[in-house]
Every structure is written in C-alpha cells, then in structure tokens.
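So that the names make sense, note that chain A is the first sequence line, chain B the second, and so on, each numbered from 1.
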Amino acid sequence: MNPTSVIALVSGSLFAAGLALSGMTRPEKVLGFLSVSARWDPSLALVMGGAIAVMAPVVFWTRRRGRPLFETTTHEPAQTRVDGRLILGSVLFGVGWGLVGYCPGPALAALVTGSLSTIAFVAAMLAGLWIVDRVAPAK
Amino acid sequence: MSVDLASFTPAQSLAGGLLIGLASALLYAGAGRIAGISGICAGLLPRAPSEGRSWRAWFAVGLLGTSVLVALVAPSAFTAPAASLAALVVAGLLVGVGTRLANGCTSGHGVVGLSRLSPRSLASVLTFMLSAGITVLVTAHNTGAR
C-alpha cells in the first residue's frame, strides 16, 4: 500500500465515524434541520461548522506549502465559474435530499445495515451518477 | 420557528463534524485529493477513468468498514428513512443526477469547497439548502408530518 492508499483508508474511516457520531446517518435528524418552519434541529450546522473549522486552515496551509505531503500535486476541481449546470444540479440534489434526508455520504454508510430502503436509494443514486457521465459528461 | 431541544445534539454533532473535517484535511493535505462522496462514488462506477480509482476504492473500504463497526457497536446510529420505496428511488436518482451535474454534494461542496473559499461551492450550498428546505416544507404540508 502506498501512502495515498493508507491516507484514503484512514480518511474514509474517520469520515464514517464522524457521520455516525454527528447523527447524520439518521435521516429524520437531517430533515429536522432542513425543516426550519417548525421544530428546528440546528445540529447539522454544527457538523458543517466543525468540519470547516478543521478543514479551512489545512487548505490554507497546504496551498502555502505548494503541494500535499505525499503527492506532487493537489487535484483541485477544473471548473471555477458558476454556471447553469451547477445551479440546476444543486436544485435537483436539494429536492432529493429534502425528500428522504439522505445525501451521498450517510446513504453509502447506511448500506451496511442492509435496509431495503437504503439499498434502493443508493442503487438509484449510483444510476443517476452513472447516467450523467454517459449522457451529459462535464466538458 | 423554535429550536427542537429534545433532538438537538450540540456536543456529538460538533465532535462528529470535527472528525469529518479531520478526514477531509488528511486526504487534502496528505494526498491532494478532495473528500467528496458523490465524486468518489462516480469514480468507482463502470467506465469511469482508471486514474484515481485506487484511492477512491480505499476511501470506500474505510467508510464501509468503519460503518460496519458502528452498526455492531452502536446500531441506533442508523435509522431507516421514513419515505416510501417510490420516493426513495426518485430521491436517489435526483441526488445522483444532481450531484453529478453540480460536481459535488454536502461533502465536496459543503465541507471542502467552502473551506477552499470556492465561489462555485458557495453557490451550490446556498442553492441545495434552499431547494431542500422548500422540498421539506412542501412535503410536510402535503403529508401533515412535522
């Protein structure tokens, strides 16, 4: 295993632990955040805030260093412009997220429960990801 | 609007968020890669480019392996979604198509993109938060739930 493989394995593990501890693998908790009209559960804001509080300084440090520790380049996304594709995609994602309370990370993690609901969601999600790359791949 | 104090879990959610931040930071600072789950999933599907397949596979192994441990030690961390099977399939498709078009989801745009001060990620997060909020509002109105 090269350093990047070890890092990815540990990163995926920490990510899953964080999702479970934060409560994000409970769809009703996510919907409780998205439902600002009634009984509001602000937990998700703390999840995002906590994650960004760790990540933002590390991005700054890595960029100042010029390259990551075990690779020669940082793979930053190629696109930089806000365009219709970004907005349309974000709208559709939000509708799906609000319907069920699953975004990709928690859904993937919850696959291990073997729940038919989760399997159906993830299968459809993977089909959706795959279809876009076949029908309308990013330029 | 009022805060649902019975459901609010400030300590666990903040601690979980710090762990997610640590996971993203490790991948970015160590390997120069972005911890975006939709992108990682897409990169593992058939006919995806072979470049970057390996680290994505290791990330998925870590995520699924640790989730197995969580399910054994603290099964209540997972609850099944309340939506019908039809709604789950429609929502799954929307999440897949949407995150692929937007090139990111709550992790890639939300955690990493906002930390990178990316204008695209800020636009994406504001948009999906708004459309998700409206969706919950409309469905709660229709079903009488919440």
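- When every heavy atom of A:Leu88 is checked against every heavy atom of B:Leu101, the shortest pair comes out as CD2-CD1, 4.1 Å.
- When the candidates A:Val58, A:Val132, A:Leu44 are compared by the number of heavy-atom contacts under 4.5 Å with chain B, A:Val132 comes out ahead.
- When A:Thr80, A:Thr4, A:Thr62 are compared by the number of non-hydrogen pairs under 4.5 Å with chain B, A:Thr62 comes out ahead.
- Using a 4.5 Å cut-off between heavy atoms, B:Arg47 contacts chain A through both its backbone and its side chain.
- The backbone N or O of B:Gly32 lies less than 3.5 Å from no partner atom in the side chain of A:Thr74, so there is not a single donor-acceptor pair.
- Counting heavy-atom pairs under 4.5 Å between each of A:Leu92, A:Leu46, A:Leu86 and chain B puts A:Leu86 at the top.
- A salt bridge links B:Arg100 with A:Asp133: at least one charged nitrogen is closer than 4.0 Å to a carboxylate oxygen.
- A continuous path of hydrophobic side-chain contacts links B:Phe128 to B:Leu122 [ILVMFWY only; heavy atoms under 4.5 Å].
- By number of non-hydrogen pairs under 4.5 angstrom with chain A, the leading residue of B:Val89, B:Leu130, B:Thr9 is B:Thr9.
- Per-residue counts of heavy-atom pairs under 4.5 Å with chain B were compared for A:Ser5, A:Pro137, A:Ala45, A:Ala138; the largest is that of A:Ser5.
- The choice from A:Val135, A:Thr73, A:Leu69, A:Thr118 that makes the most heavy-atom pairs within less than 4.5 Å of chain B is A:Leu69.
- Looking at A:Pro77, both its backbone and its side chain come within 4.5 Å of chain B, counting heavy atoms on both sides.
- At a 4.5 Å heavy-atom cutoff, the contact between A:Leu19 and chain B is made by backbone and side-chain atoms alike.
- Atoms OG and CE, on B:Ser107 and A:Met24 in that order, are 13.5 Å from each other to the nearest 0.5 Å.
- Transitive grouping of hydrophobic side chains (ILVMFWY, heavy atoms separated by less than 4.5 Å) brings A:Phe70 and A:Val6 into a common cluster.
- How far CZ of A:Phe15 is from CG of B:Leu26: 12.5 Å, rounded to the nearest 0.5 Å.
- Heavy-atom distances place both the backbone and the side chain of A:Ala109 under 4.5 Å from chain B.
- Only the side chain of A:Val112 comes within contact range of chain B, judged by heavy atoms closer than 4.5 Å.
- The structure places CG of A:Leu108 at 11.0 Å from OG of B:Ser38, a figure rounded to the nearest 0.5 Å.
- Annotation: the span from A:Arg63 atom CZ to B:Arg116 atom CZ amounts to 5.5 Å, rounded to 0.5 Å.
- In this structure, A:Pro104 and B:Thr99 have side chains that are in contact, with non-hydrogen atoms separated by less than 4.5 Å.
- Taking each heavy atom of B:Leu27 and A:Ala8 in turn, the nearest pair found is CD1-CA, 3.9 Å.
- Chain A forms more heavy-atom pairs under 4.5 Å with one residue of B:Trp55, B:Phe8, B:Phe78 than with any other, namely B:Phe8.
- Heavy-atom pairs under 4.5 Å with chain A were tallied for B:Gly133, B:Ser124, B:Ala71, B:Gly39; the largest tally goes to B:Ser124.
- Proximity to chain B (any heavy atom under 4.5 Å) is shown, for A:Thr72, by neither the backbone nor the side chain.
- Across A:Lys29 and B:Ser7, no two heavy atoms sit closer than the pair NZ-O, 2.7 Å.
- In this structure, B:Ala91 and A:Val100 approach most closely via the heavy-atom pair CB-CG2, 3.4 Å.
- With a 4.5 Å cut-off on non-hydrogen atoms, A:Phe33 touches chain B through its side chain but not through its backbone.
- Here the straight-line distance linking atom CG of A:Leu21 with atom CD of B:Gln12 works out to 6.5 Å at 0.5 Å rounding.
- Between the CG atom in B:Leu63 and the CG atom in A:Leu9 there is a gap of 10.5 Å [rounded to 0.5 Å].
- Interface remark: of the candidates B:Ala42, B:Ala57, B:Gly30, B:Ala25, B:Gly30 forms the most heavy-atom pairs closer than 4.5 Å to chain A.
- For the pair B:Arg33 and A:Glu71, the salt-bridge criterion is not met [side-chain N within less than 4.0 Å of a carboxylate O].
- Counting heavy-atom pairs closer than 4.5 Å to chain B, the top-ranked of the candidates A:Ile131, A:Val95, A:Ile7, A:Leu116 is A:Val95.
- A donor-acceptor contact shorter than 3.5 Å is absent between the side chain of A:Trp130 and the backbone of B:Leu45.
- Each of B:Ala83, B:Ala35, B:Cys41 has some count of heavy-atom pairs under 4.5 Å with chain A, and the biggest count is that of B:Cys41.
- With A:Cys103 as the partner, the side-chain contact (heavy atoms from CB on, under 4.5 Å) test is satisfied by one option alone out of B:Thr106, B:Ile37, B:Val95: B:Thr106.
- B:Val136 approaches A:Gly98 most closely through the heavy-atom pair CG2-O, 3.5 Å.
- The environment of CZ in A:Arg134 is crowded: more than 12 heavy-atom neighbours from other residues, nucleotides or ligands sit within 6.0 Å.
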Residue pair A:Phe93, B:Leu94: steps toward the side chain to side chain contact (heavy atoms under 4.5 Å, CB included) verdict: CA-CA 6 Å; A:Phe93 165 44; B:Leu94 286 168; over 6 Å; no

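- With sequence neighbours left out, A:Pro27 forms a side-chain contact (heavy atoms from CB on, under 4.5 Å) with A:Tyr102, B:Thr79, B:Pro81.
- In terms of heavy atoms, A:Ser22 sits closest to B:Ile20 at OG-CD1, 4.5 Å.
- With sequence neighbours excluded, the residues satisfying side-chain contact (heavy atoms from CB on, under 4.5 Å) with B:Thr127 are A:Ile87, A:Ser90, A:Val91.
- Neither the backbone nor the side chain of A:Arg65 comes within contact range of chain B, judged by heavy atoms closer than 4.5 Å.
- Proximity to chain A involves both the backbone and the side chain of B:Pro46, based on heavy atoms less than 4.5 angstrom apart.
- Looking at A:Arg67, neither its backbone nor its side chain comes within 4.5 Å of chain B, counting heavy atoms on both sides.
- Linking Ile, Leu, Val, Met, Phe, Trp and Tyr residues whenever their side-chain heavy atoms come within less than 4.5 Å places B:Val3 and A:Met48 in a single cluster.
- Options B:Leu64, B:Leu85, B:Val125 differ in how many heavy-atom pairs under 4.5 Å they form with chain A, and the most are formed by B:Leu64.
- At a threshold of 4.5 Å between non-hydrogen side-chain atoms, the residues B:Ile34 and A:His75 do not count as touching.
- Using a 4.5 Å cut-off between heavy atoms, A:Thr113 contacts chain B through its side chain alone, with no backbone atom that close.
- Between the side chain of B:Thr66 and the main chain of A:Ala16, no donor-acceptor pair closer than 3.5 Å is present.
- Two different hydrophobic clusters hold B:Val70 and B:Val73 under the rule that ILVMFWY side chains link at heavy-atom gaps under 4.5 Å.
- At least one side-chain heavy atom of B:Arg120 sits under 4.5 Å from a side-chain heavy atom of A:Gln79.
- Residues B:Met129 and B:Leu126 fall within the same hydrophobic cluster, defined by Ile, Leu, Val, Met, Phe, Trp and Tyr side chains chained together at heavy-atom separations under 4.5 Å.
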